[in-house]
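Chain letters run A, B, ... following the sequence lines, proteins first, then strands; residues in each count from 1. Everything numeric in this text was worked out from a predicted model, so none of it was measured.
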Amino acid sequence: MKLELLPWLVLFMPLAAAGIITLFTLHFKTISSFISIGAILAGFVLTIVFISANGWQPAAGQGYGGQPVPAGESICQWLSADGLNIDFGIKLDPLSLMMMLIVTGVGGAIHVYSRGYMADDTGMSRFFAELSLFTFSMLGIVMANNFIEMFIFWELVGVSSYLLIGFWFEKPSAGDAAKKAFIVNRLGDFGFLLGILMIWQWLGTLNFSGLQGPEALGPYATIAGLLIFCGAVGKSAQFPLHVWLPDAMEGPTPVSALIHAATMVAAGVYMLCRIFIVLNPPALEVVAYIGGFTALLAAVIAVQQNDIKRIIAYSTLSQLGYMVMSVGLNGRTPAMFHLTTHAFFKALLFLSAGSVIIGLHHEQDIWKMGGLKRKMPITFWTFLVGGLALSAIWPFSGFYSKDSILGNALARHDFEGSLLFAVGVFVAALTTFYIFRLFFVVFCGKEKSETASHAHESPIVMTGPLVILAIFAFVGGLIGVEGVYNRIFMPHPGGLETSASFASELFGPFARSPLASGLGTLAFIIGLGCAYALYAKADKDPLPEKLGGLATAMKNKFYFDEIYEATFVRAHDFIAAVCDGIDRWVVEGFCIGSIRGGADLTGRALRFLQTGNLQTYAFLFVIGVAVALYVILK
Amino acid sequence: MSILTHIFLWPLIAALMLVFVPRNYRVIIRVVALAATLASMVLAIIMFCQFVPGKSGYQFEQEIPWVDSLGISYHVGVDGLNVGLILMGAVVSFAAALCSWEIQTREKEFYILLLIMSGGILGAFASLDLFFFYFLHEFALVPTFIMIGVWGRGDRKNYATFQITLYLSIGALLALLGLIALYLKSGANTFDIPKLIAYVAANPMSLNAQNFVFPLLLFGFGILVSLWPFHSWAPLGYGSAPSPTAMIHAGVLKKFGLYGLIRIALPMMPQAAHHWMTILSWLCLGNILYIGWVAMRQRDLNLLIGNSSVAHMGFVFLGIASLNLIGITGAVVVMVAHGFLAALTFALSGYIYQKTGTLHMAELGGLCRPLRFIGTALVMAAMAGCGLPGFANFVGEVTVFFGAWKAFPAVITVLAVWGALVIGGIYMTRAVRTVLHGPAPDKFANLEDASLWRKFPYALLLVALFVFGFFPKLLTNQIVPDASKIVSIYQPATVAGANDRNPATVHAATIDASTRGFQAALDNGQTAIENQ
Amino acid sequence: MDLQNILFYVFSALTLGCGVLVIANPFSRNPVTSAMFLVLTIISMAGLFVLLHAFFLAAVQILVYAGAVIVLFLFVIMLLDLKAEALRRVRIYGLVAGVVSVGAILSIFLKSLGSTLFSTESPPAPEGGPAELGKLLFTNYVLPFEVVSVLLLVAMIGVILLSKRNLD
Amino acid sequence: MQIGLEQYLTVSFLLFALGLLGVVMRRNLMVIYMSLEMMLNAANLALVAFSRFNDKLDGQVVVFFIITVAAAEVAVGLALIVALYRRHRSAHVEDLTSLKF
Amino acid sequence: MNASLLTLEMWVIALGIVLMLADFFFAVSPERKKALAYLAIAALAVMLLTLLGNDAPTGAAFNGAYVQDPMAIFFKRFFLVAAILVLFLTAEFSEKISASVSEFYSLVIFALTGMLFAASSNDFAMLFVSIELITVTFYILVGFQRRKLSSLEAGVKYLIIGALSSAFMVFGIALIWGTTGQLNFTELAAVVPQYLSNKIFLMGVLFLLTGIGFKISAVPFQIWAPDVYQGAPTPTSAFLAVGSKAAGFVLLLRVLFTAVPDVARQWSTYLIAISALTILYGNLCAIPQRNLKRLLGYSSISHAGYLLLGVAALSASGQSAVMYYLAGYMFTIVAAFTVVALVMQHLDNEDISGLAGLNQRSPLLATTMTFAMVSLAGLPPLAGFFGKFLLLRAVLEAGPANHAYYCLAFIALAGIIISFYYYFGVIRAIYWSKEASDLSPIRLSGAAKFSIALCIAGMIWLGTFPNTVVNLADQAAQALK
């Protein structure tokens with residue numbers, strides 16, 4: 001068969017799966033799950049086949065109308081009206097192929113895991129349908145070759161995450177969380193669409209292959225860049241639109257793992273790398289600072305959360321902050337590299353947390369857990385691996401990626417770089433601190449509640465994926481991911497480090513940027529130390545009395561929700577109330593009412609001319625004649 | 001006999017037949033109505049498939065002189081502008097006929113009126129003669145009032161009837177004045193639209209004449225389409241209308257005014273159009289933003305849907321106002337898409353009302369559990385309503401945005417996009433949250449979901465939305481050639497228009513050429529030149 | 001100041017005076033008196049006709065009007081013995097309104113009459129005798145004449161119908 | 001001075017106005033009807049005067065018609081009034097207000 | 001001098017006399033009286049077909065006093081059809097006036113004669129006598145139901161106001177003739193220009209129009225209409241609304257456009273004002289009206305206003321629009337009155353609530369009433385819509401000359417919209433009023449069904465295939481010059 005068709009197949013199989021499940025197998029949970037899992041795993045396999053056959057940089061695909069198309073794209077026209085040509089095509093290059101691998105691979109593992117996690121939920125078919133829909137949309141984002149197509153799938157991942165967050169829609173909190181996620185994402189997309197419009201206006205094309213440097217955008221380059229960035233801010237939950245992600249934890253844990261850790265939230269970073277060329281220095285600066293600030297803010301908040309999933313969610317925020325920061329610092333390879341490793345270990349962490357939650361019958365408060373090391377050994381170990389990878393200690397995958405980010409920041413030798421480097425190191429320490437706080441409280445010490453004491457290990461269908469992901473989280477930094485990204489981001493010979501020996505690869509970071517790696521390790525040690533000192537034996541949180549008001553502020557996420565509630569939502573509600581009032585009272589009440597009443601009254605008044613008295617009639621008749629005479633003859 | 005004649009005549013003939021069917025033969029009445037609408041739908045689909053895009057002139061034409069002394073003739077035909085509308089109208093009529101099972105009293109009269117509505121409006125869309133264009137629409141409009149009055153629901157039924165009658169009559173009559181004035185002032189002494197256009201193109205109307213006629217048409221048609229601030233009839237009317245009526249009116253009849261603007265006003269009165277479209281572009285923001293906000297406040301599902309459908313009209317107006325090919329194409333696409341969508345939403349709310357007996361959102365909740373199909377469909381409808389890709393609405397709206405961006409100062413488009421993405425998202429998700437999500441009251445615990453037969457209309461409309469959402473070329477390829485005929489008279493004007501902000505486009509085009517081949521380069525080069 | 005003028009003034013004075021007494025008789029508001037004064041009005045008007053050389057019409061006027069119409073009136077009045085109005089008091093505002101409106105019309109009449117000038121010299125008077133009238137009537141105006149005959153027939157039927165004893 | 005058309009017209013105008021006044025003021029159907037007759041007579045006078053001074057007889061012919069028609073009208077009208085009186089015991093306009101508004 | 005042109009009138013008079021005489025020896029039983037009506041209808045139909053076929057002779061007689069031009073023919077056809085419909089209605093109504101119903105028939109025929117003469121009268125003497133023939137006949141017809149006080153009262157009111165207006169008219173004729181010395185319209189038209197500043201002459205024209213305005217019930221001479229429509233026997237009301245009004249309009253057209261065209265041009269603004277006032281008065285007063293016949297009275301005022309639109313337009317298209325509109329209006333209003341007669345027969349007052357539940361009692365009647373109301377409201381596909389379309393077109397056409405026409409058009413729109421309010425009120429009363437007192441089905445005789453079918457067919461035919469009538473009206477309007 002023609003290999004060009006494989007990517008299309010990979011893209012559309014999940015959609016087909018979703019369609020089949022919704023239409024036919026809603027009532028057969030098992031079949032549905034197998035269809036969905038089969039679709040995504042087949043996608044994974046096909047992607048590997050394709051890569052092994054065509055390499056990372058496929059040759060020219062095919063277009064419509066016999067037009068030559070750029071390498072690795074195959075296009076068909078979707079819509080065309082004079083200046084507006086929107087294609088539907090797929091763009092295959094190392095970036096997208098690697099993302100496809102991540103989405104299908106990690107996603108596949110999570111699919112399998114969900115088979116166990118959702119086993120006793122009546123809506124499992126619906127769950128898998130929506131999961132497949134998400135996979136389709138995510139692959140679409142990855143493979144899109146133009147802005148509109150990306151925007152389409154951008155919206156689709158939004159809606160599928162909306163559906164999945166609201167999966168347990170009977171829970172009011174779930175419904176609200178879904179709504180919030182959707183609307184906040186919409187805010188981001190608002191900017192994104194405007195950015196697209198500006199790009200189109202200035203470049204006359206929407207295809208990524210037609211993109212040009214910021215100088216082509218004239219005076220509006222910065223605005224355009226930032227507008228596009230808005231999309232990333234919304235999707236990747238960067239400050240100030242970060243508020244939806246923690247609430248999104250209302251969804252089932254696999255969803256949190258897949259969408260809100262591994263793939264969707266990373267789409268923003270991916271998009272930034274995709275359109276990197278149009279961003280000009282000022283825009284990049286903003287990007288970098290936003291990223292850095294988000295990383296810091298989220299890490300600080302995470303320190304005082306007590307919901308196991310929320311802690312990990314905030315850590316996701318802060319890791320995303322790292323990536324965005326790195327993009328802003330012109331380091332796309334580190335960003336994507338960290339995205340990849342983060343996908344592994346964050347998925348791992350979430351799934352482990354999920355297994356804990358299942359083990360404790362949906363108990364999520366860490367202070368009701370404890371001493372699970374013995375009861376859930378596999379989960380314990382996998383979680384430990386995830387935690388170490390997250391807190392970036394050699395030789396775990398996280399170490400390499402985060403180190404390359406810090407190194408890249410340091411390598412700029414300017415104020416911006418150094419400042420953000422410092423932030424990064426501090427955040428690294430915090431990261432270690434909060435993750436091990438979680439770790440100690442949950443797994444060590446003694447049981448802090450009844451449920452904890454009756455916890456049990458999860459079935460193989462769940463632990464299996466855990467182990468696989470754990471392996472990747474461990475070695476993820478050493479399997480040449482970085483090299484693949486370098487192929488497109490810095491295609492000079494120096495970039496191709498796959499040729500280097502394994503040992504140099506293993507210790508590469510220390511050689512390349514000793515300062516970064518050194519400080520990183522130091523940060524880890526400090527964080528771990530503090531965490532151990534405070535939480536190894538604690539059965540209640542000692543920090544609040546130490547920090548006082550700051551702690552409560554951290555606990556309450558620095559009141560962002562409240563602020564938005566008070567400003568954005570209130571404002572809209574107020575305006576809405578005003579408009580409604582005008583509509584009800586002025587337009588409908590006054591205008592219509594007066595017209596109607598006026599006519600009615602005149603009618604009733606005029607009728608009194610008809611007194612029924614002949615004399616009045618004669619009199620009116622004569623008056624009429626008199627007036628007519630007067631008017632005509634004056 | 002043109003296929004178009006069949007398409008709109010069958011429902012009318014069926015209505016005539018029903019007059020003679022005794023009222024207690026309910027089955028026969030329904031079967032006749034369904035058969036007629038089904039026939040016209042099938043014919044419409046056939047017509048749509050046989051339509052050849054870009055062929056010059058009109059297709060499936062038929063012309064019979066009617067009143068010679070006035071130059072009125074029965075003249076039907078389709079081009080890219082109305083072919084989609086006719087298809088949409090036929091499909092929606094069939095769906096509405098299917099949904100009419102909710103009517104329990106005086107079915108005979110109801111079906112007769114329903115058939116008159118659908119037949120009349122299809123004829124109006126098909127006709128290329130000013131007189132019949134208006135005549136058939138008015139013919140279809142009257143049953144609306146009666147249906148709301150007789151079969152309407154809610155305590156404000158009578159007031160709604162009064163208001164909708166008042167507004168729509170004013171609108172229709174203003175439009176009538178405008179059409180007559182157009183006929184007189186053009187001096188062509190014919191009501192035949194193609195002849196009129198040709199004549200006016202040859203010897204244009206004076207600016208005064210244009211400025212007299214155009215506002216009449218704009219506001220006459222505008223009132224019919226609930227242009228802000230003449231909108232207040234719509235939500236109330238739809239709120240109290242029986243759902244089949246709301247489906248056909250909101251879905252199909254409402255598009256008449258927009259179609260009229262595109263078909264009649266734009267090609268004949270370019271100067272006036274230029275002057276008025278800037279005003280229109282601000283008025284339609286009233287629809288998009290203001291009505292969006294009003295919709296956020298609604299506590300009744302039907303009122304919310306009604307308001308949202310009013311808000312959607314804003315996008316069509318925006319597209320028309322942009323006066324360029326992209327915008328008008330988008331406008332037509334939105335018209336078609338919104339036809340399906342409005343029909344779908346009103347059908348769904350009708351079902352919910354019929355099952356729960358209320359549409360007050362505070363009393364509803366958690367309906368996704370008992371009504372799985374209806375709930376899912378409603379979620380889809382809500383998503384389509386806030387412009388989600390995959391549904392036809394997205395295609396139209398995004399195209400409109402591109403057109404508007406090209407035509408107007410950025411602020412208009414910015415506000416419109418805000419209305420579409422954010423405000424739309426807010427009220428739609430709110431509706432879903434309150435009606436479908438959350439804990440379900442016990443009394444709704446065992447509502448019965450739609451049976452297979454009753455799922456059909458909803459499925460039909462959803463499929464239509466998906467088809468045009470996934471393959472917009474089906475529509476745009478047919479629209480573009482004929483729309484470009486209309487905008488061709490505006491091209492010199494658009495050069496003068498506020499639209500020369502991109503020096504880089506030519507450069508872009510050349511870069512593009514290397515990647516997308518010379519054909520594309522040519523296109524973009526042209527746009528670039530136009531844009532300067 | 002020849003006899004004709006004197007007669008004109010006499011007759012017109014009589015006509016108008018009796019006319020006033022028909023509608024507003026200060027002494028009696030009995031319809032009978034009104035009817036009697038109407039007779040006088042008509043008769044004096046017949047005098048004016050004579051002055052205008054319309055001899056035949058003068059005769060007809062007296063015969064038909066005074067002789068037939070007014071007699072009919074009197075019959076009916078007697079039949080109905082209308083005393084009612086005598087008892088009712090005049091409504092002042094109605095009276096004022098009437099006078100004002102009619103006065104307005106009259107003033108416009110006379111103003112426009114004054115503004116238009118007529119030839120004052122009197123042309124040779126046409127002989128308004130039966131022969132001439134009859135000739136015209138049965139040549140140019142035969143059609144209206146016939147129609148009037150139908151009208152009279154209708155009137156006859158009507159009167160019979162409306163005053164039949166038995167209410168159907 | 002010479003008596004001309006003007007004087008005759010004045011008289012007929014005055015007579016017409018008198019009739020009008022009667023119609024507007026009196027409330028007895030009979031008297032109102034008489035006033036109407038007076039108005040017709042005013043028209044007659046005008047016609048005769050005109051025919052005298054226009055030197056044409058057509059006017060007198062029209063007068064002839066008017067008189068005839070008036071007679072017929074009076075007959076019918078009085079019949080109506082009589083019928084009404086029989087039914088209603090009143091020939092007074094103020095009692096005739098069952099049809100109003 | 002070809003008296004052959006008068007064949008139709010002669011036959012009609014003969015028919016009237018025959019009917020009257022037939023009462024003595026033929027019409028002994030009610031059935032026979034009904035048969036008499038159908039005989040008359042048949043006779044009229046035959047005359048319509050034979051004497052006024054497509055090749056009806058045209059020309060003038062009695063040195064121009066009587067003309068038989070396309071317009072006369074149009075209106076004669078119109079009057080014949082109207083008389084036929086009204087006779088049908090009368091036959092249905094006959095038990096109310098059983099004793100002297102055959103006289104009623106003959107009176108209708110005589111009124112018809114007057115209208116026929118009016119249609120072709122071309123000088124003031126003819127105008128006067130024909131109008132008087134119509135009016136006097138209607139005095140009798142209105143007061144015909146002597147059992148009902150309302151009928152008599154209506155009769156007397158019609159009598160007094162009618163006599164008043166005819167007094168004005170006579171005086172007007174006197175003044176016109178006196179100043180110009182012309183009785184014949186065509187000859188008058190030649191000399192009018194030199195009298196345009198002559199106040200006596202203008203006064204005469206005004207008084208003449210007063211008389212005609214009374215017949216068409218135009219403001220400010222509309223005041224009698226509601227009372228008389230309400231009080232008169234239903235067939236009479238119908239005939240008033242159709243025949244008498246149409247006669248008024250044919251004379252108005254003749255006078256304005258044949259006799260004094262220059263005056264008409266001079267007074268166009270006043271015509272506009274009159275038309276606007278009439279429309280508004282009729283519609284506004286009708287809003288709170290509950291009595292159906294009275295409602296129709298008010299609506300007939302408003303329709304007089306619409307018709308005046310066409311007159312005020314002072315153009316051939318306007319005149320033809322008037323004629324077309326009259327044709328449509330005839331079928332519509334007769335249908336409405338037929339339903340009133342049949343439904344309200346046994347009710348003492350014609351309150352709208354009497355229609356309650358009509359759609360159960362007799363679907364046919366309900367449909368007819370709905371059609372009538374829809375057509376009166378001017379909605380497709382019935383005659384009323386196309387009529388209003390033509391009228392508005394005529395008015396807008398005149399717009400450039402005088403911008404008041406545009407305002408007039410808008411006022412007409414306002415009137416139409418107001419009228420929806422009460423017309424739909426009637427429809428609502430039929431279909432969804434709660435208090436349906438009795439639901440006994442209404443028996444319809446075949447003749448009634450036939451006449452109703454005739455009306456509906458007329459409405460639909462005129463509305464959907466207006467070509468024929470429009471062409472006829474156009475020819476007629478051309479002949480008016």
| request: Could you tell me the separation between the CG atom of E/Leu202 and the CD atom of E/Gln266, rounded to the nearest 0.5 Å? | output: 6.0 Å
| said: Quick check on E/Leu133 against chain C: is it the side chain, the backbone, both or neither that has a heavy atom closer than 4.5 Å? | reply: both
| note | Pair count under 4.5 Å, heavy atoms only, with chain E: among C/Val148, C/Leu161, C/Val150, highest is C/Leu161
| query | Side chain, backbone, both or neither: which part of E/Ile17 has a non-hydrogen atom closer than 4.5 Å to chain C? | reply | side chain
| task | Step through it carefully: locate the ring centre of E/Phe214, locate the ring centre of E/Phe221, and say whether they are under 6.0 Å apart. | result | no
| task | Under 4.5 Å, counting heavy-atom pairs only, tell me which of C/Asn140, C/Val147, C/Leu152, C/Leu143 racks up the most with chain E. | result | C/Leu143
| message | Looking at C/Lys111, I want to see if its NZ is surrounded by more than 12 non-hydrogen atoms of other residues, nucleotides or ligands under 6.0 Å. | response | yes
| field | Contacting moiety of C/Leu153, where chain E heavy atoms sit under 4.5 Å | value | side chain
| Aromatic rings E/Phe207 and E/Phe171: how do their planes relate, parallel, tilted or perpendicular, breaks at 30° and 60°? | tilted
| task | Give, as side chain, backbone, both or neither, the part of E/Leu183 having an atom under 4.5 angstrom from any heavy atom of chain C. | result | side chain
| field | Contacting region of C/Phe109 [heavy-atom separation from chain E under 4.5 Å] | value | both
| query | Between C/Ile157 and chain E, which part of the residue has a heavy atom less than 4.5 Å away: side chain, backbone, both or neither? | reply | side chain
| said: Could you check whether E/Phe185 and E/Phe124 have their ring centres less than 6.0 Å apart? | reply: yes
| message | Parallel, tilted or perpendicular, judged at 30° and 60°: which one describes the rings of E/Phe79 and E/Phe75? | response | tilted
| said: Taking side chain as everything from C-beta outward and backbone as N, CA, C, O, which of these in E/Leu152 sits under 4.5 Å from a heavy atom of chain C? Side chain, backbone, both or neither. | reply: neither
| Can E/Tyr195 and E/Gln182 be said to form a side-chain hydrogen bond (donor to acceptor under 3.5 Å, both in side chains), step by step? | CA-CA 12 Å; E/Tyr195 293 101; E/Gln182 300 296 350; over 6 Å; no
